[in-house]
Amino acid sequence: MILEKNITGLMVYYYFVCQRKLWYFTHQINLEDQSELVQIGKQVDEHTYSREKKHLEIDQVINLDYIDSQHVLHEVKKSRAIEEASVWQLKYYLFYLKNHGVNGISGRIDYPLLRKQVDVELTNNDEEDLQTVLDKIKLINQASVVPILEEKSICKKCAYHDLCFI
Ligand code: SF4
């Protein structure tokens, strides 16, 4: 099993959101801080679950929202719009921890604004899929040309919209 220490959970998330977005991000073209949606996300993050221990950073690779007393790793999100990406980000955290000898942890995505939760487990098939995803992320990181533009429903709300569509 090869783990790429420089592949972060956010990169895995972006891989599933949009590979072009991932390319921008890994090439230091970072517009996310200006996005209104990102600001809303930060507010959700800052004002929920304040009793829990938050933001555990490991190896500068993964940034966990918090782990509760039942050994459940929580990722807080504001909406279910890109749930697949959130699920894979959390699976990557579980995968990364498992490969560092941390077992017996499960995952849960919390949507405080929706009052919903989604449980996430890491299967053997997921581990194989993640290894393929990590290889593909590495290739995108190394590519000198941005991936082909494929318009998506999320493009209008994306911080990189003008860069893609001007
Ligand atoms: S605007 Fe659309 S294609 Fe461009 S980076 Fe954002 S999501 Fe990807």
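Owing to the predicted nature of the structure, the values given are computational and were not obtained by experimental measurement. Whatever order the structure lists them in is the order used to number ligands and atoms, beginning at 1.
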**Message:** Suppose we measure from atom 4 (Fe) of ligand 1 to each protein heavy atom; which comes out shortest, and what is that distance?
**Reply:** Cys164 SG, 2.3 Å
**Message:** Ring of Tyr160, cation from Lys21 - is the NZ or CZ under 6.0 Å from the centre and inside 45° of the axis?
**Reply:** no
**Asked** For Tyr15 and Gln89, does a side-chain donor sit closer than 3.5 Å to a side-chain acceptor?
**Response** no
**Item:** Residue part near ligand 1, for Leu149, under 4.0 Å between non-hydrogen atoms
**Value:** side chain
**Asked** Any side-chain donor-acceptor pair under 3.5 Å between Thr132 and Asp129?
**Response** no
**Which of the ligand 1 atoms, numbered from 1, are nearer than 4.0 Å to a heavy atom of Lys21** = 5 (S)
**Request:** Identify the protein heavy atom lying closest to atom 8 (Fe) of ligand 1, giving its residue, its atom name and the separation to 0.1 Å.
**Result:** Cys18 SG, 2.3 Å
**Item:** pair Leu10-Tyr13: side-chain heavy atoms closer than 4.5 Å
**Value:** yes
**Item:** Atoms in ligand 1 with a heavy atom of His161 nearer than 4.0 Å
**Value:** 1 (S)
**Carboxylate-amine/guanidinium contact Lys77 Glu83, below 4.0 Å** = no
**Request:** Could you tell me whether any N, O or S atom belonging to Cys158 is less than 2.8 Å from atom 6 (Fe) of ligand 1?
**Result:** yes
**Asked** Is there an N/O/S atom in Cys155 at a distance below 2.8 Å from atom 8 (Fe) of ligand 1?
**Response** no
**Message:** Can you tell me how the ring of His74 sits relative to the ring of Tyr66, calling it parallel under 30°, perpendicular over 60° and tilted otherwise?
**Reply:** parallel
